[in-house]
Amino acid sequence: MKKFVTILMLVAMVLSMAACGNSGSDNAEVENDEFAKYDKVELRLSCNGTDTANDTKAANRIAELVRERSGGRVNITVFNNDQLASGNMQKGLELLLDGTVDMDCHSTSIISSLDNTAMVATLPWLFADYQEAEDVFFGTGGEYMNKILGERGLTYLGAVHNGFKLMTSNDHAIQKPSDLEGMKIRIPGGDFFMAFYEAYGASPQAMSWSEVFSALQQGTVDGHDNSISTCYSNNIQEVQHYFSVSRHTYEAFTFMANSKKFDALNADTQALIRSCVEDGCKEVNKEIVANEEALIQDCIDKNGCEFYYFTDEDVEEWRAVIVDLIDEYKGIYGEEACTAFGVK
């Protein structure tokens, strides 16, 4: 009898251990399933910048966040330098529109080819500082961008600083409006930038970014405008000596998705990507703002570049020349766009 009872006890212990083992296995499966709500998908993201440019930094950070937060189920491969479009920014945008790539990042001036009212964000001396620009692009301005891009089959996700622009020249410092007279200035395109520089007597030349360094080096154009981070990452300081920190216009790099591709993802995956774009952009934005003066100092120390900072009086003098132009383009962009971006 004792032997029988002992056997029963052993059987009970084995069953209990098995039950505990199964329970642990089930718990492990539950733990591993925390990422199962996300689609298992490979996405391609194209951008224009070099390895060290703001848009590429943000794109890489977004890809890292998405991979981490999805447990590796969602993977984004970044193709910078518009390599899928042979360096052509406009072609790069077309690849997003036709679904060749799933996601894309390009500057406001390039996106304006889809809807010219996007250029409202670049009106001269619109934003007081970087924080104001960021707040708008993740607020009412972002909502407006989502609307106009949605009409073209694209989904707005967020934006990272391209930056406040400065003007460069290899011949003379640009301090007064008259300093631009007769200068051949490269612009990315867009009728507003064309009209802006013509108002100061310059000769604006639309040119793809991939051609700019050579054009500046060879004297095909005399100068251009861009953020210090874009200038630095593309070695513009090697071929331009004078930099005028005018902060005359702000541009963003806008992250977008092909709507058909994005809408095919489940709601959790879409929400994940949106949150990672916002977090990634804001993280890189902080680095951009913190590093600007260091980049300027490096250009001075290593390349002997000269920097002139616009004063408040300078800005008033420059704005006075284009008051009527700004009013004209406020009318062109319309009340809805102006209100969304805080244009008064």
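We number each residue from 1, following the sequence as shown. Keep in mind that the numbers below use all heavy atoms, side chains included, and drop hydrogens, waters and symmetry copies.
A salt bridge links Asp279 with Arg69: the closest approach of a Lys/Arg side-chain nitrogen to an acidic carboxylate oxygen falls below 4.0 angstrom. Salt bridge Glu287/Lys57: absent, no basic N to carboxylate O contact under 4.0 Å. A salt bridge is defined here as a Lys NZ or Arg NE, NH1 or NH2 lying under 4.0 Å from an Asp or Glu carboxylate O, and Arg61 with Glu64 meets this definition.
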Q.
Show, in sequence, the C-alpha distance, side-chain angles and deciding distance for Ile185 and Asp225, and conclude whether the side-chain contact (heavy atoms from CB on, under 4.5 Å) test is met.
A. CA-CA 8 Å; Ile185 298 288; Asp225 66 3; 5.6 Å; no
Q.
Please determine whether side-chain contact (heavy atoms from CB on, under 4.5 Å) holds for the pair Arg186 and Thr220, giving the CA-CA distance in whole Å, both sets of side-chain angles, and the decisive distance to 0.1 Å.
A. CA-CA 9 Å; Arg186 177 267 174 180; Thr220 305; over 6 Å; no
**Q.** Evaluation steps, side-chain contact (heavy atoms from CB on, under 4.5 Å), between Thr50 and Thr56
**A.** CA-CA 7 Å; Thr50 63; Thr56 304; 5.8 Å; no
Q.
Let's go through Ser113 and Leu93 carefully: what are the C-alpha distance in whole Å and the side-chain angles of both, what is the deciding distance for side-chain contact (heavy atoms from CB on, under 4.5 Å) to 0.1 Å, and is it a yes or a no?
A. CA-CA 10 Å; Ser113 65; Leu93 188 58; 3.7 Å; yes
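The 12-atom threshold is exceeded at CD of Glu68, counting heavy atoms of other residues, nucleotides or ligands nearer than 6.0 Å. Counting non-hydrogen atoms of other residues, nucleotides and ligands closer than 6.0 Å to NZ of Lys147 gives a total of 12 or fewer. Lys282 NZ: more than 12 foreign heavy atoms inside a 6.0 Å radius.
Side-chain atoms of Glu132 and Tyr250 form no donor-acceptor pair, as typed in the model, at a separation below 3.5 Å. Side-chain atoms of Asn162 and Ser227 form a donor-acceptor pair, as typed in the model, at a separation below 3.5 Å. Side-chain atoms of Asp115 and Thr117 include a donor-acceptor pair closer than 3.5 Å. Ser244 and Ser246 are not linked by any side-chain donor-acceptor pair at a separation below 3.5 angstrom, with hydrogens and angles left out of the test. Thr100 and Asp98 form a side-chain donor-acceptor contact under 3.5 Å, judged by distance and modelled atom types alone.
At distances below 3.5 Å, not a single donor-acceptor pair connects side-chain atoms of Lys330 with backbone N or O atoms of Val120. Between the side chain of Asn303 and the backbone N or O of Cys305 there is no donor-acceptor pair closer than 3.5 Å. Between the Thr339 side chain and the Glu336 main chain, no donor and acceptor come within less than 3.5 Å of each other. Under a 3.5 Å cut-off, the side chain of Asn235 and the backbone N or O of Glu238 do not form any donor-acceptor pair.
Residues Glu317 and Pro177 approach most closely at OE2-CD, 3.6 Å, considering heavy atoms. Closest heavy-atom contact between Ala118 and Ile148: CB-CD1, 4.1 Å. Residues Gly342 and Leu126 approach most closely at O-CD1, 4.1 Å, considering heavy atoms. Annotation for Leu295 and Ser229: closest pair CD1-CA, 3.8 Å, computed over non-hydrogen atoms. Shown here for Val284 and Ala58, the closest heavy-atom pair between the two residues is CG2-CA, 3.7 Å.
Figure legend: cation-pi geometry between Arg274 and Phe138 absent, as NZ or CZ is not positioned both under 6.0 Å from the six-membered ring centre and within 45° of its axis. Judged by the 6.0 Å and 45° rule, Lys165 forms a cation-pi pair with Phe193. Geometrically, Arg44 engages Phe79 in a cation-pi contact defined by less than 6.0 Å to the ring centre and at most 45° from the axis.
The hydrophobic cluster containing Leu45 does not contain Met256, counting ILVMFWY residues as joined when their side-chain heavy atoms lie under 4.5 angstrom apart, directly or transitively. Hydrophobic clustering (side-chain heavy atoms under 4.5 Å, transitive across Ile, Leu, Val, Met, Phe, Trp, Tyr) keeps Val41 apart from Val101. In this structure, Leu96 is not a member of the same hydrophobic cluster as Phe253, with clusters built from ILVMFWY side-chain heavy atoms closer than 4.5 Å. Note on Trp318: it clusters hydrophobically with Ile187, by side-chain heavy-atom contacts below 4.5 Å among ILVMFWY residues. Under the 4.5 Å side-chain heavy-atom criterion for ILVMFWY residues, no single connected hydrophobic cluster contains both Val160 and Val289.
Phe127 CZ to Asp135 CG: the interatomic distance, rounded to the nearest 0.5 Å, is 10.0 Å. Rounded to the nearest 0.5 Å, atoms CZ (Arg319) and CG (Asp314) are 13.5 Å apart.
Residues Tyr156 and Tyr144 place their aromatic rings such that the two centres sit no closer than 6.0 Å. In this structure, Trp209 has its ring center at least 6.0 angstrom away from the ring center of His106.
Aromatic ring orientation, Tyr308 versus Phe310: perpendicular (interplanar angle above 60°, classes split at 30° and 60°). Note: Tyr333 and Tyr329 have tilted aromatic rings, judged against thresholds of 30 and 60 degrees for the angle between ring planes. Ring planes of Tyr130 and His161: tilted class, angle from 30 to 60°.
Of the listed residues (Asp51, Thr52, Asn48), just one forms a side-chain contact (heavy atoms from CB on, under 4.5 Å) with Asn80, and that residue is Asp51. None of Leu265, Asn258, Asp263 except one satisfies the side-chain contact (heavy atoms from CB on, under 4.5 Å) rule with Lys261; the exception is Asn258.
Judged as a ring-ring contact (aromatic ring centres under 6.0 Å, His included), and not counting sequence neighbours, His241 has no contacts.
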